[in-house]
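One-based numbering, in listed order, for ligands and for the atoms of each.
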Amino acid sequence: MDTSPAPPLLLRPSAPSIDPSAAKAVISKSGGAAASVYDLRREPNIPAPFVWPHAEACPTTAEELGVPVVDVGVLRNGDAAGLRRAVAQVASACATHGFFQVSGHGVDEALARAALESANGFFRLPLAEKQRARRVPGTVSGYTSAHADRFASKLPWKETLSFGFQDTAAAPVVVDYFTSTLGEDFEPMGRVYQEYCEKMKELSLTIMELLELSLGVEKRGYYREFFADSSSIMRCNYYPPCPEPERTLGTGPHCDPTALTILLQDDVGGLEVLVDGDWRPVRPVPGAMVINIGDTFMALSNGRYKSCLHRAVVNQRQERRSLAFFLCPRADRVVRPPPAIAAAASPRRYPDFTWADFMRFTQRHYRADTRTLDAFTQWLTPPTPAQTAAQEAA
Ligand SMILES: C=C1C[C@]23C[C@@]1(O)CC[C@H]2[C@]1(C)CCC[C@@](C)(C(=O)O)[C@H]1[C@@H]3C(=O)O
Ligand SMILES: O=C(O)CCC(=O)C(=O)O
Ligand SMILES: [Fe+2]
């Protein structure tokens with residue numbers, strides 16, 4: 001049981017205490033469930049904390065979501081017609097469900113395979129070994145089993161390993177993370193993920209160019225520059241087979257708080273997007289990567305591009321792996337849409353905020369779920385005198 005004191009709750013910038021309405025969502029600081037760690041591969045059935053309400057674990061109800069596979073190579077090969085097509089595909093997908101897949105991304109197939117294999121290499125270690133990398137409370141880096149160190153209910157049927165990536169750093173931060181946390185034997189694994197993250201960053205900036213073009217941002221390079229000095233998060237998801245998959249979830253319904261997610265999934269399948277009330281699978285396309293808009297980019301587009309609800313279901317027979325690269329702005333950058341976009345749709349949909357504050361909100365005060373950005377906006381915005389009076393009268 002993690003006995004380290006819970007991190008001090010970050011007080012809302014303009015309020016003396018946490019807003020009671022957010023309190024119910026405050027991440028449990030009691031060290032999570034009775035066991036702060038589970039060995040999911042040895043659970044004979046699913047313990048109660050893993051059972052999700054039917055409303056969230058409801059069955060998959062519809063056919064696959066037909067997300068476009070966008071050839072991002074057209075940004076570099078001078079194919080003008082191809083570029084127009086790619087821009088139209090991205091505009092249509094991002095304005096609706098926020099998901100598309102990319103081909104022509106320049107990520108070597110061998111590197112993608114090595115990154116997925118490395119996930120097997122880590123998650124198949126004995127639990128005690130994995131626990132050497134356990135997550136540091138209040139941060140996002142490290143190993144977790146079902147987030148049992150943070151939450152006491154609705155535990156996801158997954159193990160995760162997360163670490164930061166900044167390519168502005170002089171040192172290879174990912175290699176250093178693996179060797180400093182797990183030892184020199186893990187340097188080869190660190191090198192695979194170092195190279196993988198560098199490629200993910202390159203691809204993220206390429207996709208930012210497409211998003212700029214599709215949004216008609218007048219200053220070419222606006223988003224590319226905004227994320228040039230990004231500080232991103234790499235997350236390896238491992239979903240063991242589950243004895244009762246219909247009662248739990250690998251990852252619960254949520255919108256990614258980050259700006260852009262690049263997801264490499266293996267061929268098992270399990271990612272689903274909520275569209276018009278139906279959970280629609282996103283089928284793995286060999287060689288392609290799944291891209292989705294996150295809350296932070298939805299704010300950067302003043303709500304024009306959608307950060308949408310998605311989840312990951314598990315199954316009884318096969319383990320599943322997915323590698324999520326979360327592009328995040330530099331911590332202190334103010335998230336604000338470009339002037340032309342802000343002017344086009346009045347009023348501003350979201351207040352200015354920094355990624356540092358939004359990240360801390362998800363790590364210390366609120367479990368990212370179906371309304372994270374709205375809850376954060378409410379938390380940031382001081383209550384009006386009328387709201388204060390009403391709250392005091394209640
Ligand atoms: C800022 C973050 C919080 C989560 C990781 C991430 O870097 C981006 C995605 C977030 C998450 C995956 C959304 C679903 C709920 C969550 C708790 C999870 O299932 O892992 C979220 C991550 C978190 O560690 O809080
Ligand atoms: O594993 C998946 O398919 C999705 C995971 C996800 O949405 C996340 O980690 O944010
Ligand atoms: Fe997600």
Side-chain angles (χ1 to χ4, degrees), residues 25 27-28 32 50 52 56 60 65 67 98-99 101 116 119 135-151 153-165 230-240 248-274 279-284 289-297 307-315 319-329 331 355-373 375-376:
I27 291 169
S28 153
F50 286 91
W52 284 68
E56 294 175 273
T60 308
L65 183 62
V67 299
F99 277 77
Q101 300 214 41
L116 281 171
R135 188 184 67 89
V136 175
T139 73
V140 79
S141 285
Y143 166 74
T144 71
S145 166
H147 292 320
D149 58 330
R150 290 168 65 192
F151 310 136
S153 64
K154 299 202 303 186
L155 298 186
W157 193 267
K158 68 177 174 184
E159 298 173 66
T160 63
L161 175 67
S162 307
F163 42 90
F165 175 72
S230 62
S231 173
S232 295
I233 298 162
M234 178 73 205
R235 166 160 289 190
C236 305
N237 294 308
Y238 178 75
Y239 303 101
T248 188
L249 287 168
T251 296
H254 69 282
C255 300
D256 291 344
T258 45
L260 190 79
T261 305
I262 303 178
L263 189 87
L264 173 64
Q265 53 175 334
D266 63 17
D267 57 3
V268 174
L271 171 63
E272 300 183 342
V273 185
L274 188 69
W279 284 106
R280 311 277 298 273
V282 176
R283 177 172 57 86
M289 295 190 167
V290 182
I291 310 296
N292 67 269
I293 299 293
D295 291 341
T296 297
F297 195 87
S307 172
C308 289
L309 273 182
H310 54 287
R311 70 180 187 180
V313 298
V314 289
N315 70 79
E319 65 189 16
R320 176 174 178 256
R321 299 151 302 165
S322 70
L323 307 180
F325 180 85
F326 297 109
L327 180 71
C328 313
W355 170 244
D357 280 342
F358 195 16
M359 167 75 138
R360 270 197 297 264
F361 183 69
T362 68
Q363 296 308 299
R364 298 186 184 185
H365 298 284
Y366 192 88
R367 178 175 183 174
D369 61 7
T370 58
R371 52 179 303 278
T372 315
L373 184 55
F376 178 58

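Inclusion of T258 in the set of residues having an N or O under 3.5 Å from an N or O of ligand 1 is not warranted. In terms of polar-atom proximity, K158 is counted as a contact of ligand 1, with an N or O under 3.5 Å from an N or O of the ligand.
In this structure, C255 and D295 approach most closely via the heavy-atom pair CB-OD1, 3.4 Å. Closest of all the heavy-atom pairs between L155 and W52 is O-NE1, 3.0 Å. For the residue pair V282 and V290, the shortest heavy atom distance occurs at CG1-CG2, 4.2 Å. Contact record, E56 with R311: O-NH1, 2.8 Å, taken as the closest heavy-atom pair. Closest heavy-atom contact between C328 and S230: O-CB, 3.0 Å.
Under a 3.5 Å cut-off, the side chain of T60 and the backbone N or O of W279 do not form any donor-acceptor pair. Within the 3.5 Å criterion, the main-chain N or O of G270 finds no donor-acceptor partner in the side chain of Q265. No donor-acceptor pair closer than 3.5 Å links the side chain of D256 to the backbone N or O of T258.
In the vicinity of A368, heavy-atom distances shorter than 4.0 Å reach the ligand 1 atoms 13 (C), 15 (C). The atoms of ligand 1 that sit less than 4.0 Å from any heavy atom of P257 are 8 (C), 9 (C), 10 (C). Counting atoms of ligand 1 from 1 in the listed order, those under 4.0 Å from a heavy atom of M359 are 1 (C). Close approach of ligand 1 to Q363 is summarised as follows: ligand atoms under 4.0 Å from at least one heavy atom of the residue are 3 (C), 23 (C), 24 (O), 25 (O).
One distance of note links CZ of R367 with CZ of F151; it measures 4.5 Å at 0.5 Å rounding. In this structure, the separation between CZ on R283 and CG on L271 is 13.0 Å, given to the nearest 0.5 Å. In this structure, OG on S322 lies 4.5 Å from CG on L263, to the nearest 0.5 angstrom.
With hydrogens left out, the protein atom closest to atom 22 (C) of ligand 1 is R235 NH1, 3.5 Å, a heavy atom. Nearest to atom 16 (C) of ligand 1 among the protein's heavy atoms is H147 NE2, 4.3 Å. The single protein non-hydrogen atom nearest to atom 7 (O) of ligand 1 is I233 CD1, 3.5 Å, given as residue, atom name and distance.
Using a 4.0 Å heavy-atom cutoff, R367 is absent from the residues neighbouring ligand 1. Distances shorter than 4.0 angstrom do not occur between any heavy atom of P156 and any atom of ligand 1.
Taking the six-membered ring for Trp and thresholds of 30 and 60 degrees, H310 and F99 have ring planes more than 60 degrees apart, a perpendicular arrangement. Note: F50 and W157 have perpendicular aromatic rings, judged against thresholds of 30 and 60 degrees for the angle between ring planes.
Note on D256: its N/O/S atom closest to the Fe ion (ligand 3) is OD1.
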Check: every ligand 2 N/O to protein N/O pair under 3.5 Å:
{"from": "ligand 2", "atom 1": "1 (O)", "to": "Y239", "atom 2": "OH", "distance (Å)": "2.6"}
{"from": "ligand 2", "atom 1": "1 (O)", "to": "R320", "atom 2": "NH1", "distance (Å)": "3.2"}
{"from": "ligand 2", "atom 1": "1 (O)", "to": "S322", "atom 2": "OG", "distance (Å)": "2.7"}
{"from": "ligand 2", "atom 1": "3 (O)", "to": "R320", "atom 2": "NH1", "distance (Å)": "3.2"}
{"from": "ligand 2", "atom 1": "3 (O)", "to": "R320", "atom 2": "NH2", "distance (Å)": "2.7"}
{"from": "ligand 2", "atom 1": "7 (O)", "to": "H254", "atom 2": "NE2", "distance (Å)": "3.1"}
{"from": "ligand 2", "atom 1": "7 (O)", "to": "H310", "atom 2": "NE2", "distance (Å)": "3.1"}
{"from": "ligand 2", "atom 1": "9 (O)", "to": "N237", "atom 2": "ND2", "distance (Å)": "3.3"}
{"from": "ligand 2", "atom 1": "10 (O)", "to": "H254", "atom 2": "NE2", "distance (Å)": "3.1"}
{"from": "ligand 2", "atom 1": "10 (O)", "to": "D256", "atom 2": "OD1", "distance (Å)": "3.1"}

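Around atom 14 (C) of ligand 1, the closest heavy atom drawn from K154, H254, R150 belongs to H254.
With a cut-off of 2.8 Å, the Fe ion (ligand 3) has an N, O or S atom of H310 in range.
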